[in-house]
Number of protein chains: 2
Amino acid sequence: MSAISLPLVSEVPDSGMGIGDVARLTGLGADTLRYYEREGLMLDSTPRDGAGRRRYSSADLSWIGGLLMLRDTGMSVADMRTLAELSRAEGTERERLVVLESHRQRVVEELARTMRHLEALDTKISAYREAVGPATREVDSGRTER
Amino acid sequence: MSAISLPLVSEVPDSGMGIGDVARLTGLGADTLRYYEREGLMLDSTPRDGAGRRRYSSADLSWIGGLLMLRDTGMSVADMRTLAELSRAEGTERERLVVLESHRQRVVEELARTMRHLEALDTKISAYREAVGPATREVDSGRTER
DNA sequence: AGTTGACATGGAGTTCACTTCAGGTCGCAG
DNA sequence: CTGCGACCTGAAGTGAACTCCATGTCAACT
(Lines give C-alpha, C1' and ligand atoms only; values in the text may rest on other atoms or scores of the structure.)
Protein backbone atom coordinates (compact mmCIF):
# COMPACT_ATOMS: atom_id res chain seq x y z
CA MET A 1 0.00 0.00 0.00
CA SER A 2 1.12 3.49 -0.73
CA ALA A 3 3.68 4.12 -3.40
CA ILE A 4 6.67 5.73 -1.84
CA SER A 5 8.69 7.36 -4.50
CA LEU A 6 9.42 10.25 -2.17
CA PRO A 7 8.65 13.21 -4.47
CA LEU A 8 12.30 14.03 -4.52
CA VAL A 9 12.48 15.90 -1.27
CA SER A 10 11.22 18.99 -2.99
CA GLU A 11 13.01 21.85 -1.40
CA VAL A 12 13.59 21.27 2.24
CA PRO A 13 14.22 24.64 3.84
CA ASP A 14 17.51 25.07 5.63
CA SER A 15 15.64 25.19 8.89
CA GLY A 16 14.49 21.67 8.18
CA MET A 17 10.95 20.41 8.33
CA GLY A 18 8.76 19.35 11.22
CA ILE A 19 7.77 15.78 11.91
CA GLY A 20 4.26 16.40 10.69
CA ASP A 21 5.45 17.46 7.28
CA VAL A 22 7.73 14.49 7.05
CA ALA A 23 4.88 12.24 8.03
CA ARG A 24 2.69 13.70 5.30
CA LEU A 25 5.48 13.40 2.79
CA THR A 26 6.45 9.85 3.54
CA GLY A 27 3.12 8.47 4.56
CA LEU A 28 4.72 7.23 7.73
CA GLY A 29 2.89 8.73 10.68
CA ALA A 30 4.68 10.83 13.26
CA ASP A 31 4.55 8.03 15.82
CA THR A 32 6.27 5.71 13.45
CA LEU A 33 8.98 8.25 12.72
CA ARG A 34 9.65 8.65 16.43
CA TYR A 35 9.53 4.91 16.83
CA TYR A 36 12.10 4.46 14.09
CA GLU A 37 14.34 6.96 15.73
CA ARG A 38 14.00 5.23 19.10
CA GLU A 39 14.86 1.97 17.43
CA GLY A 40 18.07 3.41 16.08
CA LEU A 41 17.06 3.42 12.46
CA MET A 42 18.11 7.00 11.80
CA LEU A 43 21.67 7.94 11.11
CA ASP A 44 21.76 10.15 14.16
CA SER A 45 19.31 11.64 16.61
CA THR A 46 17.34 14.13 14.63
CA PRO A 47 18.41 17.66 15.58
CA ARG A 48 15.91 19.72 17.53
CA ASP A 49 14.87 23.34 17.41
CA GLY A 50 14.81 25.64 20.41
CA ALA A 51 11.64 24.05 21.71
CA GLY A 52 13.00 20.53 21.47
CA ARG A 53 11.13 19.69 18.32
CA ARG A 54 12.64 17.57 15.59
CA ARG A 55 13.82 19.24 12.42
CA TYR A 56 14.43 16.96 9.49
CA SER A 57 16.99 17.90 6.88
CA SER A 58 16.89 16.80 3.28
CA ALA A 59 19.57 14.27 4.15
CA ASP A 60 17.23 12.81 6.74
CA LEU A 61 14.52 12.71 4.15
CA SER A 62 16.53 10.73 1.71
CA TRP A 63 17.71 8.36 4.41
CA ILE A 64 14.08 7.77 5.28
CA GLY A 65 13.41 7.16 1.63
CA GLY A 66 16.02 4.44 1.76
CA LEU A 67 14.43 2.93 4.84
CA LEU A 68 11.10 2.84 3.08
CA MET A 69 12.62 1.11 0.12
CA LEU A 70 14.13 -1.49 2.42
CA ARG A 71 11.01 -1.90 4.49
CA ASP A 72 8.80 -2.28 1.48
CA THR A 73 11.01 -5.00 0.15
CA GLY A 74 10.49 -6.79 3.42
CA MET A 75 13.51 -5.89 5.51
CA SER A 76 12.94 -6.15 9.24
CA VAL A 77 13.43 -3.27 11.63
CA ALA A 78 16.26 -5.23 13.20
CA ASP A 79 18.11 -5.46 9.90
CA MET A 80 17.54 -1.82 9.15
CA ARG A 81 19.03 -1.02 12.52
CA THR A 82 22.06 -3.11 11.69
CA LEU A 83 22.47 -1.17 8.50
CA ALA A 84 22.06 2.13 10.30
CA GLU A 85 24.68 1.11 12.82
CA LEU A 86 27.07 0.21 10.05
CA SER A 87 26.36 3.46 8.30
CA ARG A 88 27.17 5.33 11.47
CA ALA A 89 30.60 3.72 11.59
CA GLU A 90 33.16 4.64 9.01
CA GLY A 91 34.92 2.15 6.83
CA THR A 92 32.06 -0.33 6.94
CA GLU A 93 31.12 0.01 3.30
CA ARG A 94 31.93 -3.58 2.58
CA GLU A 95 29.73 -4.84 5.39
CA ARG A 96 26.87 -2.65 4.30
CA LEU A 97 27.25 -4.05 0.83
CA VAL A 98 27.03 -7.56 2.22
CA VAL A 99 23.84 -6.76 4.09
CA LEU A 100 22.30 -5.13 1.04
CA GLU A 101 23.31 -7.91 -1.28
CA SER A 102 21.93 -10.63 0.88
CA HIS A 103 18.76 -8.66 1.26
CA ARG A 104 18.58 -8.32 -2.49
CA GLN A 105 18.97 -12.04 -2.80
CA ARG A 106 16.00 -12.63 -0.53
CA VAL A 107 13.92 -10.08 -2.38
CA VAL A 108 14.61 -11.74 -5.70
CA GLU A 109 13.69 -15.13 -4.33
CA GLU A 110 10.54 -13.83 -2.75
CA LEU A 111 9.63 -12.17 -5.99
CA ALA A 112 10.07 -15.39 -7.89
CA ARG A 113 8.01 -17.32 -5.41
CA THR A 114 5.22 -14.79 -5.47
CA MET A 115 5.16 -14.92 -9.23
CA ARG A 116 4.84 -18.67 -9.17
CA HIS A 117 1.98 -18.37 -6.72
CA LEU A 118 0.38 -15.73 -8.86
CA GLU A 119 0.26 -18.20 -11.70
CA ALA A 120 -1.45 -20.72 -9.47
CA LEU A 121 -3.89 -18.02 -8.48
CA ASP A 122 -4.56 -17.22 -12.11
CA THR A 123 -5.23 -20.85 -12.80
CA LYS A 124 -7.73 -20.97 -10.00
CA ILE A 125 -9.38 -17.79 -11.19
CA SER A 126 -9.66 -19.16 -14.69
CA ALA A 127 -11.35 -22.23 -13.34
CA TYR A 128 -13.88 -20.08 -11.55
CA ARG A 129 -14.42 -17.93 -14.61
CA GLU A 130 -15.05 -21.09 -16.53
CA ALA A 131 -17.61 -22.26 -13.99
CA VAL A 132 -19.23 -18.93 -13.46
CA GLY A 133 -18.24 -16.95 -16.49
CA PRO A 134 -20.89 -18.00 -18.99
CA ALA A 135 -23.04 -15.37 -17.35
CA THR A 136 -20.21 -12.99 -16.52
CA ARG A 137 -19.26 -12.15 -20.08
CA GLU A 138 -18.78 -8.45 -19.46
CA VAL A 139 -16.10 -7.79 -16.90
CA ASP A 140 -12.60 -8.22 -18.21
CA SER A 141 -10.67 -4.98 -18.21
CA GLY A 142 -8.49 -6.11 -15.36
CA ARG A 143 -9.73 -3.17 -13.37
CA THR A 144 -11.94 -4.51 -10.65
CA GLU A 145 -12.18 -1.11 -9.13
CA ARG A 146 -15.32 0.56 -8.03
CA MET B 1 11.00 -19.30 2.68
CA SER B 2 9.99 -22.83 1.82
CA ALA B 3 8.80 -23.60 -1.66
CA ILE B 4 5.30 -24.94 -1.42
CA SER B 5 4.55 -26.78 -4.56
CA LEU B 6 2.85 -29.53 -2.57
CA PRO B 7 4.46 -32.59 -4.19
CA LEU B 8 1.14 -33.44 -5.71
CA VAL B 9 -0.44 -35.11 -2.75
CA SER B 10 1.39 -38.31 -3.57
CA GLU B 11 -0.98 -41.09 -2.73
CA VAL B 12 -2.98 -40.31 0.32
CA PRO B 13 -4.29 -43.60 1.70
CA ASP B 14 -8.05 -43.94 1.95
CA SER B 15 -7.70 -43.86 5.70
CA GLY B 16 -6.28 -40.36 5.36
CA MET B 17 -3.08 -39.11 6.92
CA GLY B 18 -2.26 -37.90 10.40
CA ILE B 19 -1.56 -34.31 11.26
CA GLY B 20 2.13 -35.01 11.66
CA ASP B 21 2.42 -36.25 8.12
CA VAL B 22 0.52 -33.29 6.78
CA ALA B 23 2.77 -31.01 8.74
CA ARG B 24 5.84 -32.61 7.25
CA LEU B 25 4.34 -32.46 3.79
CA THR B 26 3.24 -28.84 3.88
CA GLY B 27 5.91 -27.42 6.13
CA LEU B 28 3.16 -26.01 8.28
CA GLY B 29 3.56 -27.37 11.78
CA ALA B 30 0.81 -29.34 13.47
CA ASP B 31 -0.04 -26.42 15.70
CA THR B 32 -0.59 -24.19 12.74
CA LEU B 33 -2.80 -26.75 11.09
CA ARG B 34 -4.96 -26.95 14.20
CA TYR B 35 -4.94 -23.18 14.42
CA TYR B 36 -6.11 -22.85 10.84
CA GLU B 37 -8.91 -25.27 11.53
CA ARG B 38 -9.95 -23.34 14.64
CA GLU B 39 -9.95 -20.18 12.60
CA GLY B 40 -12.34 -21.71 10.14
CA LEU B 41 -9.92 -21.92 7.26
CA MET B 42 -10.66 -25.50 6.41
CA LEU B 43 -13.65 -26.49 4.35
CA ASP B 44 -15.04 -28.51 7.21
CA SER B 45 -13.88 -29.88 10.51
CA THR B 46 -11.32 -32.48 9.65
CA PRO B 47 -12.78 -35.93 10.24
CA ARG B 48 -11.38 -37.89 13.15
CA ASP B 49 -10.46 -41.49 13.69
CA GLY B 50 -11.73 -43.61 16.57
CA ALA B 51 -9.35 -41.94 18.97
CA GLY B 52 -10.38 -38.42 18.02
CA ARG B 53 -7.34 -37.80 15.88
CA ARG B 54 -7.54 -35.85 12.65
CA ARG B 55 -7.37 -37.70 9.36
CA TYR B 56 -6.62 -35.59 6.34
CA SER B 57 -7.92 -36.66 2.94
CA SER B 58 -6.31 -35.77 -0.34
CA ALA B 59 -9.05 -33.17 -0.79
CA ASP B 60 -7.96 -31.58 2.47
CA LEU B 61 -4.41 -31.64 1.24
CA SER B 62 -5.19 -29.79 -1.91
CA TRP B 63 -7.31 -27.27 -0.08
CA ILE B 64 -4.35 -26.64 2.20
CA GLY B 65 -2.21 -26.23 -0.88
CA GLY B 66 -4.58 -23.50 -1.96
CA LEU B 67 -4.38 -21.83 1.41
CA LEU B 68 -0.62 -21.83 1.19
CA MET B 69 -0.73 -20.24 -2.21
CA LEU B 70 -3.00 -17.53 -0.87
CA ARG B 71 -1.02 -17.03 2.28
CA ASP B 72 2.25 -16.79 0.44
CA THR B 73 0.82 -14.14 -1.82
CA GLY B 74 0.00 -12.19 1.28
CA MET B 75 -3.62 -12.99 1.98
CA SER B 76 -4.62 -12.54 5.61
CA VAL B 77 -6.11 -15.28 7.72
CA ALA B 78 -9.30 -13.25 7.87
CA ASP B 79 -9.63 -13.19 4.09
CA MET B 80 -8.86 -16.86 3.83
CA ARG B 81 -11.64 -17.47 6.32
CA THR B 82 -14.01 -15.44 4.21
CA LEU B 83 -13.12 -17.54 1.23
CA ALA B 84 -13.55 -20.74 3.19
CA GLU B 85 -16.96 -19.58 4.35
CA LEU B 86 -17.99 -18.83 0.81
CA SER B 87 -16.68 -22.17 -0.34
CA ARG B 88 -18.78 -23.86 2.30
CA ALA B 89 -21.90 -22.23 0.92
CA GLU B 90 -23.22 -23.28 -2.43
CA GLY B 91 -23.88 -20.91 -5.26
CA THR B 92 -21.26 -18.44 -4.11
CA GLU B 93 -18.92 -19.00 -7.01
CA ARG B 94 -19.24 -15.45 -8.20
CA GLU B 95 -18.38 -14.04 -4.79
CA ARG B 96 -15.39 -16.28 -4.49
CA LEU B 97 -14.26 -15.08 -7.85
CA VAL B 98 -14.56 -11.49 -6.68
CA VAL B 99 -12.44 -12.21 -3.62
CA LEU B 100 -9.83 -13.99 -5.67
CA GLU B 101 -9.73 -11.33 -8.34
CA SER B 102 -9.32 -8.48 -5.93
CA HIS B 103 -6.62 -10.43 -4.17
CA ARG B 104 -4.92 -10.96 -7.49
CA GLN B 105 -5.11 -7.25 -8.11
CA ARG B 106 -3.33 -6.54 -4.86
CA VAL B 107 -0.71 -9.17 -5.55
CA VAL B 108 0.06 -7.67 -8.93
CA GLU B 109 0.38 -4.21 -7.48
CA GLU B 110 2.55 -5.42 -4.66
CA LEU B 111 4.71 -7.23 -7.17
CA ALA B 112 5.13 -4.11 -9.23
CA ARG B 113 5.99 -2.04 -6.21
CA THR B 114 8.53 -4.54 -5.01
CA MET B 115 10.14 -4.60 -8.43
CA ARG B 116 10.44 -0.83 -8.40
CA HIS B 117 12.03 -0.98 -4.99
CA LEU B 118 14.34 -3.71 -6.15
CA GLU B 119 15.63 -1.37 -8.80
CA ALA B 120 16.29 1.27 -6.21
CA LEU B 121 18.08 -1.33 -4.18
CA ASP B 122 20.19 -2.30 -7.15
CA THR B 123 21.11 1.31 -7.69
CA LYS B 124 22.21 1.61 -4.11
CA ILE B 125 24.20 -1.60 -4.34
CA SER B 126 25.92 -0.41 -7.50
CA ALA B 127 26.91 2.77 -5.74
CA TYR B 128 28.45 0.76 -2.93
CA ARG B 129 30.21 -1.54 -5.37
CA GLU B 130 31.60 1.53 -7.02
CA ALA B 131 32.85 2.92 -3.73
CA VAL B 132 34.14 -0.31 -2.32
CA GLY B 133 34.75 -2.49 -5.32
CA PRO B 134 38.16 -1.16 -6.42
CA ALA B 135 39.63 -2.70 -3.29
CA THR B 136 37.41 -5.74 -3.31
CA ARG B 137 39.67 -7.50 -5.75
CA GLU B 138 40.60 -10.10 -3.17
CA VAL B 139 38.94 -11.96 -0.38
CA ASP B 140 38.79 -9.80 2.65
CA SER B 141 40.27 -11.99 5.34
CA GLY B 142 40.89 -9.81 8.31
CA ARG B 143 38.56 -7.43 10.02
CA THR B 144 38.75 -3.93 8.65
CA GLU B 145 38.83 -2.06 11.92
CA ARG B 146 38.42 1.67 11.57
C1' DA C 1 -3.41 37.40 27.74
C1' DG C 2 -5.56 33.47 26.20
C1' DT C 3 -6.49 29.79 22.99
C1' DT C 4 -5.11 26.67 19.65
C1' DG C 5 -2.39 23.28 17.38
C1' DA C 6 1.87 20.88 16.73
C1' DC C 7 5.06 18.37 19.09
C1' DA C 8 7.43 16.03 23.19
C1' DT C 9 7.94 11.89 26.41
C1' DG C 10 7.35 7.41 28.71
C1' DG C 11 4.70 3.76 28.72
C1' DA C 12 0.73 0.97 27.73
C1' DG C 13 -2.12 -1.21 24.27
C1' DT C 14 -3.17 -3.43 19.69
C1' DT C 15 -3.03 -6.57 15.80
C1' DC C 16 -1.51 -10.46 13.47
C1' DA C 17 -0.08 -15.00 13.02
C1' DC C 18 1.45 -18.09 15.25
C1' DT C 19 3.60 -20.95 19.23
C1' DT C 20 3.91 -22.88 23.66
C1' DC C 21 2.07 -24.93 27.68
C1' DA C 22 -0.33 -27.86 30.98
C1' DG C 23 -2.64 -31.78 31.48
C1' DG C 24 -4.95 -35.74 29.38
C1' DT C 25 -6.05 -39.83 25.91
C1' DC C 26 -4.72 -43.59 22.74
C1' DG C 27 -2.46 -47.33 20.10
C1' DC C 28 1.16 -50.13 19.77
C1' DA C 29 6.10 -52.28 20.62
C1' DG C 30 8.34 -54.88 24.10
C1' DC D 1 1.20 -54.55 31.70
C1' DT D 2 4.25 -50.61 30.82
C1' DG D 3 6.21 -47.19 28.28
C1' DC D 4 6.60 -44.30 24.55
C1' DG D 5 5.34 -41.24 21.06
C1' DA D 6 1.74 -39.01 18.59
C1' DC D 7 -2.17 -36.61 19.27
C1' DC D 8 -5.91 -34.05 21.81
C1' DT D 9 -7.92 -29.45 24.09
C1' DG D 10 -8.34 -24.78 25.98
C1' DA D 11 -5.79 -21.17 27.24
C1' DA D 12 -1.93 -18.35 27.73
C1' DG D 13 2.30 -16.48 25.71
C1' DT D 14 5.35 -14.54 21.97
C1' DG D 15 7.55 -11.33 18.65
C1' DA D 16 7.17 -7.90 15.28
C1' DA D 17 5.78 -3.47 14.15
C1' DC D 18 3.38 -0.32 15.13
C1' DT D 19 -0.28 2.84 17.49
C1' DC D 20 -2.45 5.16 21.15
C1' DC D 21 -2.67 7.63 25.56
C1' DA D 22 -1.96 10.92 29.33
C1' DT D 23 0.33 14.67 30.39
C1' DG D 24 3.11 18.55 29.44
C1' DT D 25 5.66 22.38 26.77
C1' DC D 26 5.90 25.87 23.22
C1' DA D 27 5.11 29.15 19.43
C1' DA D 28 2.07 31.59 17.06
C1' DC D 29 -2.24 33.75 16.39
C1' DT D 30 -6.45 36.76 17.74
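Each chain gets a letter, A, B and so on, in the order its sequence line appears, and its residues count up from 1.
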Review point. When all nucleic acid strands are considered with a 4.0 Å heavy-atom cut-off, which category describes Arg54(B): base, sugar-phosphate, or nothing?
Key: sugar-phosphate

Practice item. State whether Glu130(B) and Lys124(B) are salt-bridged, where the test is any N-O pair (Lys NZ or Arg NE/NH1/NH2 against Asp/Glu carboxylate O) under 4.0 Å. Key: no

Point to revise | Closest non-hydrogen atom pair, Thr114(B) against Asp72(A) | key: OG1-O, 4.3 Å

Exercise for review: Whole angstrom is fine here: how far is it from CG in Leu70(A) over to C1' in dA17(D)?
Suggested key: 16 Å

**Study point:** Given DNA chain D, 5'-ward residue of the pair Arg24(B) and Leu28(A), judged by closest heavy atom
**Key:** Arg24(B)

Point to revise | Heavy-atom closest pair, residues Ile19(A) and Ala30(A) | key: CD1-O, 3.6 Å

Check your understanding: Can you check the Arg71(A) CZ to dA16(D) P distance for me, whole Å?
Key -> 17 Å

Review point. The helix from dA1(C)-dT30(D) to dG30(C)-dC1(D): angle between its terminal axes, five pairs each, to 10°?
Key: 10°

Exercise for review: In plain terms, say whether Asp21(B) and Arg55(B) are close enough for a salt bridge, that is, a side-chain N and a carboxylate O under 4.0 Å apart.
Suggested key: no

Review point. Expressed in angstrom and rounded to an integer, what is the separation of Arg34(A) atom CZ from dT19(D) atom P?
Key: 13 Å

Practice item. Could you tell me the separation between the CE atom of Met75(A) and the C1' atom of dC18(D), rounded to a whole number of Å? Key: 19 Å

Practice item. Could you check whether Arg48(A) gets within reach of a base, just the sugar-phosphate, or nothing at all, counting any heavy atom under 4.0 Å? Key: sugar-phosphate

Exercise for review: Walking along DNA chain C from 5' to 3', note the first and the last nucleotide with an atom under 4.0 Å from a heavy atom of chain A, and give both.
Suggested key: dC7(C) to dT9(C)

Point to revise | Check: Trp63(B) side chain, Ser58(B) main-chain N or O, donor-acceptor pair, under 3.5 Å | key: no

**Study point:** Reported CD-to-CZ distance for the pair Glu109(B) and Arg106(B), which is rounded to 0.5 angstrom
**Key:** 9.0 Å

Exercise for review: Measure from CD on Glu39(A) to P on dC18(D) and round the result to the nearest Å.
Suggested key: 10 Å

Study note, to complete from the structure: From CD of Glu37(B) across to C1' of dC7(D) the rounded distance in Å is 13 Å

Point to revise | Closest contact, heavy atoms only, Glu37(A) versus Arg54(A) | key: OE1-NE, 2.8 Å

Check your understanding: Want to settle it: does Arg53(A) or Arg38(A) sit nearer the 5' end of DNA chain D, counting the closest nucleotide to each?
Key -> Arg38(A)

Review point. Does Asp122(A) come within less than 4.0 Å of Arg104(B), counting only side-chain N to carboxylate O?
Key: yes

Exercise for review: Round to a whole Å and report the spacing from CG of Asp31(B) to P of dG13(D).
Suggested key: 16 Å

Practice item. Keeping the roles fixed (side chain from Ser57(B), backbone from Asp60(B)), state whether a donor-acceptor pair exists under 3.5 Å. Key: yes

